[in-house]
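Following: one structure in structure tokens, then a few remarks.
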2 protein chains.
Amino acid sequence: MIEQLRTFDFPINSPKMPKKLSDHIKEVPLGLSVDCVVFGYDDIDKDLKILLIKSETPEFEGSWSLLGDLIQANESLKESAARTLAKRTGLSDIYLEQVRAFGIPERHPGGRVITIAYYSLIKVEDYELNIDKLDLEAKWFSINKIGKLAFDHNLILNHCLNKLKRTLREQPIGFSMLPDKFTLKQLQNLYEAVLDVEFDRRNFRRKLKKIDVLLELPETQQDVAHRPAKLYSFDKKKYQSLLKSGKHFSL
Amino acid sequence: MIEQLRTFDFPINSPKMPKKLSDHIKEVPLGLSVDCVVFGYDDIDKDLKILLIKSETPEFEGSWSLLGDLIQANESLKESAARTLAKRTGLSDIYLEQVRAFGIPERHPGGRVITIAYYSLIKVEDYELNIDKLDLEAKWFSINKIGKLAFDHNLILNHCLNKLKRTLREQPIGFSMLPDKFTLKQLQNLYEAVLDVEFDRRNFRRKLKKIDVLLELPETQQDVAHRPAKLYSFDKKKYQSLLKSGKHFSL
DNA sequence: ACAAAAGTGTTTATTATACACCCATGT
DNA sequence: ACATGGGTGTATAATAAACACTTTTGT
């Protein structure tokens with residue numbers, strides 16, 4: 001037992017030397033793509049939505065598809081995802097998080113293509129500002145009403161949604177799907193929609209007050225037929241202080 | 001505001017039609033590899049260790065490296081990782097979990113290679129049984145004594161270690177690094193070593209009793225110069241029941 | 001004055017933390 | 001008999017959950 005982790009220094013005598021990289025690339029041709037699950041929050045329907053496009057791959061004509069593209073020679077994976085998003089939404093500086101790679105040999109009917117999945121969070125209002133610059137059919141779908149997608153995109157979507165749910169509880173990312181100024185009710189509705197749970201209003205508000213990452217603005221809602229709610233914004237500096245003091249955002 | 005999520009059905013008139021996949025693959029040659037961070041727990045040193053090999057890439061001669069290989073044409077990513085592990089350790093059926101892809105253009109000196117990182121958990125005793133079948137230099141390193149590795153492997157290692165830490169708290173994966181029969185103290189030591197925290201012995205044991213995923217065996221430690229500890233094993237069925245009842249493993 | 005949602009405090013239950021003594025075995 | 005680590009219970013603090021009334025605005 002005491003010897004269990006000692007080192008074994010065998011002579012390196014691998015029967016076949018590793019092939020040259022350039023040879024391997026020729027022998028195993030494959031493509032690499034990124035696919036983005038674009039999440040947006042619909043404050044009217046109180047519903048999480050995702051942005052889909054009509055597939056451009058002949059084998060999936062008519063199917064809806066995630067936003068994806070093949071990776072170019074000189075861009076990183078995240079740059080590729082950002083470029084794809086910019087092309088489809090006109091937006092830059094979008095929250096982007098890698099989820100994982102999907103790579104079973106049969107996943108693309110046109111050849112071996114491994115894809116790296118990202119999820120992104122956008123403020124739908126920002127997207128709206130850009131729609132007239134775009135020339136591609138894109139549509140928001142409620143997360144609860146997604147049919148059969150192209151490729152293995154349903155699988156990818158599930159993974160991304162699960163990652164979003166996990167991350168939403170542990171990182172202050174929900175704000176990326178809300179306007180810069182929002183009410184606590186909007187924030188709560190977003191959490192309830194994404195996580196598919198219900199929070200007690202008073203407990204939710206108390207928790208946020210305790211975490212102390214929101215800035216209370218000297219403004220209120222306008223044009224509502226009831227007592228107008230206070231507006232808040234997410235305060236990055238307060239969040240940094242929270243982290244510095246060894247604490248974490250957690251809901 | 002109410003219109004924010006309506007659909008925009010532009011005609012599809014993308015100026016450039018998407019290129020054929022096969023053309024793209026020729027124009028953007030790239031390689032895809034898997035890299036495995038192999039974690040093992042050293043019950044003597046009470047220390048998390050990882051298995052490294054001498055790099056076979058000329059540019060990194062002399063450096064230590066994760067266990068990796070280029071992906072073959074007809075294997076999935078996980079199969080590729082499993083094959084790589086089998087080649088280096090002689091073991092199959094190893095716990096394998098994908099972490100993420102790493103793909104900045106400069107990460108491999110020999111060309112564009114994107115790598116998919118996995119971490120794996122092995123019982124060191126199982127590894128020991130296979131060492132005489134292996135002909136490659138491999139060595140266990142304490143997680144706290146890792147120098148500069150080949151490629152971006154330090155970065156990859158950090159991501160894998162963080163994922164391991166997160167997952168260890170939420171899934172019953174620690175047992176994959178222990179012998180089939182273990183004492184509660186061994187389990188606690190493992191948790192403390194990986195998470196770099198200390199647990200109160202009584203609270204730790206109470207928690208595990210409450211979670212109820214262990215089977216108390218009718219055996220005890222042998223040959224110890226003190227009261228022998230009871231041996232336990234992880235009970236998959238109990239864990240399944242836990243999940244079915246809507247609860248979760250959490251430490 | 002009424003409708004509609006905003007805003008606020010207290011009580012209770014659950015979970016986490018801190019802590020000290022006796023027990024079984026080998027030498 | 002003693003040294004060594006195994007095994008157990010209780011009290012306290014912190015956190016989460018449950019719950020109802022008053023306030024502000026527009027109509």
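Chain identifiers are assigned alphabetically (A, B, ...) following the order of the sequence lines, protein sequences preceding nucleic acid strands; residue numbering begins at 1 within each chain.
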Distance check needed: D:dA18 P versus A:E198 CD, whole Å only.
12 Å
Spell out yes or no: do the side chain of A:R206 and the base of C:dG9 have one donor N/O and one acceptor N/O closer than 3.5 Å?
yes
Side chains of B:F182 and B:L214, heavy atoms from C-beta outward: is any pair under 4.5 Å?
yes
Charged N to carboxylate O below 4.0 Å: is that the case for B:E192 and B:K46?
no
Is any side-chain heavy atom of A:Y118 closer than 4.5 Å to a side-chain heavy atom of A:T84?
no
Rounded to whole angstrom units, what separation is found between the CG atom of A:N189 and the P atom of C:dA5?
11 Å
Donor-acceptor list for residues 165-172 of chain B side chains, cut-off 3.5 Å, not counting sequence neighbours:
from	atom 1	to	atom 2	distance (Å)
B:T167	OG1	B:K163	O	2.7
B:R169	NH1	B:L251	O	2.8
B:Q171	NE2	B:Y239	OH	3.4

Under 4.0 Å between a side-chain N/O of A:R202 and OP1 or OP2 of D:dC19, yes or no?
no
Starting at atom CG of A:N203, determine the distance to atom P of C:dT11, rounded to an integer number of angstrom.
15 Å
Near-strand residues of residues 208-223 of chain B, defined as heavy-atom separation under 4.0 angstrom from DNA chain D:
none
Kindly point out which of D:dG7, C:dA6, D:dT10 is positioned nearest to the side chain of A:K185?
C:dA6
Is it true that A:R202 and A:D200 make a salt bridge, defined as a side-chain N closer than 4.0 Å to a carboxylate O?
yes
How long is the line joining CZ of A:R205 and P of D:dA18, in whole Å?
19 Å
Ignoring the backbone of B:K207, work out which of D:dG26, D:dG6, C:dA16 is nearest its side chain.
C:dA16
How close or far is atom C1' of D:dT27 from atom NE2 of A:H226, stated in whole angstroms?
13 Å
For B:R201 and D:dG7, give me the distance from atom CZ to atom C1', rounded to whole Å.
7 Å
Run through A:L91, A:L96, A:V34 and flag the one making a side chain to side chain contact (heavy atoms under 4.5 Å, CB included) with A:L85.
A:L96
From CZ of B:F199 across to P of C:dA18 the rounded distance in Å is 12 Å
Stacked cation flag A:K139 on A:F141, 6.0 angstrom / 45 deg
yes
Given DNA chain D, 5'-ward residue of the pair B:K230 and B:A225, judged by closest heavy atom
B:A225
Expressed in angstrom and rounded to an integer, what is the separation of B:D200 atom CG from D:dA13 atom P?
17 Å
